[in-house]
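Take a look at the structure below.
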Amino acid sequence: MNKRDYLIKIVDLGDNVRIYLARTTALAEEAHRRHGTSATASAALGRAMTAAVIMASDFKNREDTLTLRIEGSGPVGVILVTADSSGGVRGLVSNPRADLPATASGKLDVGQLVGKQGYLEVIKDLGLQQPFTGKVPLVSGEIAEDVAHYFLASEQIPALISLGVLVNPDLRVQAAGGLFVQALPGADDQALAMLEHNIMNLGSISSLIDEHETLEDIAALILQGIDHKVVGELDLGFRCHCSRERLLVILAGLPEEEKAEPQNDTIEAECNFCREKYKFTTQEIEAAKKNDKP
């Protein structure tokens, strides 16, 4: 039985923490399939996509979007992810086949692949005149610690964040997911200590996602001894907003020197996020140019 990708939001009944727990296995595998990522690049991209789709899940309007951009000094280059309030997310990396040997403990070396020098940028487009932008230096390149640093530095929210992607030897994504724990104002230190103790004794989030059928089962382990309730649920998936019509408008607006040479009067364009290919005739492009003129 395939385990679906979804997210749940949880609050403890003592109003100490807000928790987000997500399974993102299928969407991380879809990103790997479309981009042909190496094992470590799959882990980096999967972690970033998981973080972005959790962060966007609190947006109120369907049109609201969040962009997460990570640019480190490592060989993978830029990681760029966009997510929306309905659980859709898409992403890319500059060098999808970049890879590094595993660490001494056998883990994928995401920190070195991303690089410890650089920045993490969050852009929230909420339909206002100007998008909100927050930018912080990278802490480790492991992504979870970097996102936690962003929350503390840019939004003054202390957060415990765990992101994980388990990749098989055949490069297929076996399990992926994320856990965000955000302390609420006036949180009780004893409750926070109990929660942290529970989490530290459970192992990696990717192993929990792999071993358990539902997120609710994992939540019961994380919040053992703490009264809580699930207050929201959202289906997640790899979704791209590209279309033939949008790419035609982009092609029509490009200067001639930036367009590919037509083959048999046809130009092929590819979406960077999902790798879907679209073909256009030069006549279509010229017609779109004329229609765009006032």
Side-chain angles (χ1 to χ4, degrees), residues 1-8 20-57 68 70 74-83 87-103 105-114 141-144 146-147 161-180 202-215 217-218 234-240 271-276:
M1 175 177 160
N2 289 330
K3 301 173 184 175
R4 70 186 176 100
D5 281 1
Y6 71 112
L7 171 152
I8 57 174
Y20 302 78
L21 186 58
R23 174 185 285 122
T24 56
T25 307
L27 69 85
E29 168 58 19
E30 181 72 4
H32 156 64
R33 184 186 69 80
R34 288 180 178 271
H35 292 285
T37 42
S38 70
T40 317
S42 289
L45 181 56
R47 290 182 192 183
M49 292 173 72
T50 301
V53 81
I54 292 175
M55 292 167 75
S57 67
L68 182 65
I70 301 169
V76 81
V78 175
I79 303 172
L80 186 64
V81 173
T82 63
V89 62
R90 60 182 186 167
L92 59 86
V93 293
S94 296
N95 301 307
R97 289 173 179 78
D99 207 1
L100 290 172
T103 65
S105 60
K107 294 183 178 179
L108 295 172
D109 200 349
V110 172
Q112 290 296 332
L113 193 79
V114 173
E142 292 284 346
I143 300 177
D146 302 302
V147 174
I161 295 177
S162 178
L163 301 166
V165 179
L166 183 62
V167 182
N168 283 335
D170 65 1
L171 301 186
R172 183 174 55 87
V173 174
Q174 172 75 20
L179 168 68
F180 281 29
L202 287 175
S204 70
I205 187 65
S206 56
S207 295
L208 288 171
I209 294 289
D210 191 38
E211 293 163 6
H212 293 275
E213 191 67 33
T214 71
L215 297 177
D217 292 340
I218 300 171
L234 184 66
D235 285 323
L236 308 176
F238 185 104
R239 297 176 206 148
C240 191
C271 173
N272 290 331
F273 279 102
C274 68
R275 299 299 182 192
E276 286 291 329

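Across all their heavy atoms, Asn272 and His35 have their closest contact at O-CE1, 3.2 Å. Pairing each heavy atom of Val89 with each of Ala83, the nearest pair is CG2-CB, 4.0 Å. Contact detail for Phe273 and Cys240: the closest heavy-atom pair is CB-SG, 4.0 Å. Considering all non-hydrogen atoms of both residues, Leu234 and Ser57 come closest at CD2-CB, 4.0 Å. Shortest non-hydrogen contact noted between Gly87 and Val53 is O-CG2, 3.6 Å. Minimum interatomic distance between Ala176 and Thr25 (heavy atoms only, all atoms of both residues): N-OG1, 3.0 Å.
Phe180 is not listed as a side-chain neighbour of Ser162, based on a closest heavy-atom distance of 4.5 Å or more. Annotation: side chain of Tyr20 is not in contact with side chain of Ile8 (no heavy-atom distance under 4.5 Å). Between Ile54 and Leu7 there is a side-chain heavy-atom pair separated by less than 4.5 Å. Considering only heavy atoms from C-beta on, Val167 stays 4.5 Å or farther from His32 through its side chain. The closest side-chain heavy-atom distance from Ile70 to Val78 is not below 4.5 Å. Inter-residue side-chain proximity for Val76 and Ser94 is flagged as unmet; no heavy-atom pair is nearer than 4.5 Å. In this structure, Ile209 and Ile218 have side chains that are in contact, with non-hydrogen atoms separated by less than 4.5 Å.
A side-chain donor-acceptor contact under 3.5 Å links Asp217 and Thr214.
Remark: side-chain polar atoms of Asp146 are paired, donor with acceptor, to backbone N or O of Ile143 under 3.5 angstrom. Here the side chain of Arg23 pairs a donor or acceptor atom with the backbone of Glu213 at under 3.5 angstrom. No donor-acceptor distance shorter than 3.5 angstrom exists from the side chain of Lys3 to the backbone of Ala26, with no hydrogens or angles considered. With hydrogens and angles disregarded, no donor-acceptor distance shorter than 3.5 Å links the side chain of Asp5 to the backbone of Gly237.
With sequence neighbours left out, the side chain to side chain donor-acceptor pair (under 3.5 Å) criterion links Arg90 to Thr82. For the side chain to side chain contact (heavy atoms under 4.5 Å, CB included) test, residues two or more places apart in sequence or in another chain that qualify with Asn168 are Asp170, Arg172, Gln174. Remark: Arg97 pairs with no residue by the salt bridge (Lys or Arg N to Asp or Glu O under 4.0 Å) rule, at least two apart or across chains. Scored by the salt bridge (Lys or Arg N to Asp or Glu O under 4.0 Å) test, Glu30 finds Arg33, Arg34 as partners (sequence neighbours excluded). For Asp235, the salt bridge (Lys or Arg N to Asp or Glu O under 4.0 Å) criterion is met by Arg4, not counting sequence neighbours.
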Less than 3.5 Å apart, which donor and acceptor atoms pair up between the side chains of residues 39-50 and the rest of the protein, not counting sequence neighbours?
| from | atom 1 | to | atom 2 | distance (Å) |
| --- | --- | --- | --- | --- |
| Thr40 | OG1 | Asp99 | OD1 | 2.4 |
| Ser42 | OG | Thr37 | OG1 | 2.6 |
| Ser42 | OG | Ser38 | O | 3.0 |
| Arg47 | NH1 | Glu142 | O | 3.0 |
| Arg47 | NH1 | Glu142 | OE1 | 2.9 |
| Thr50 | OG1 | Thr24 | OG1 | 2.7 |
| Thr50 | OG1 | Gly46 | O | 2.8 |

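Cys274 SG to Leu92 CG: the interatomic distance, rounded to the nearest 0.5 Å, is 10.5 Å. With rounding to the nearest 0.5 angstrom, the CG atom of Leu21 is 6.0 Å from the CG atom of Leu179.
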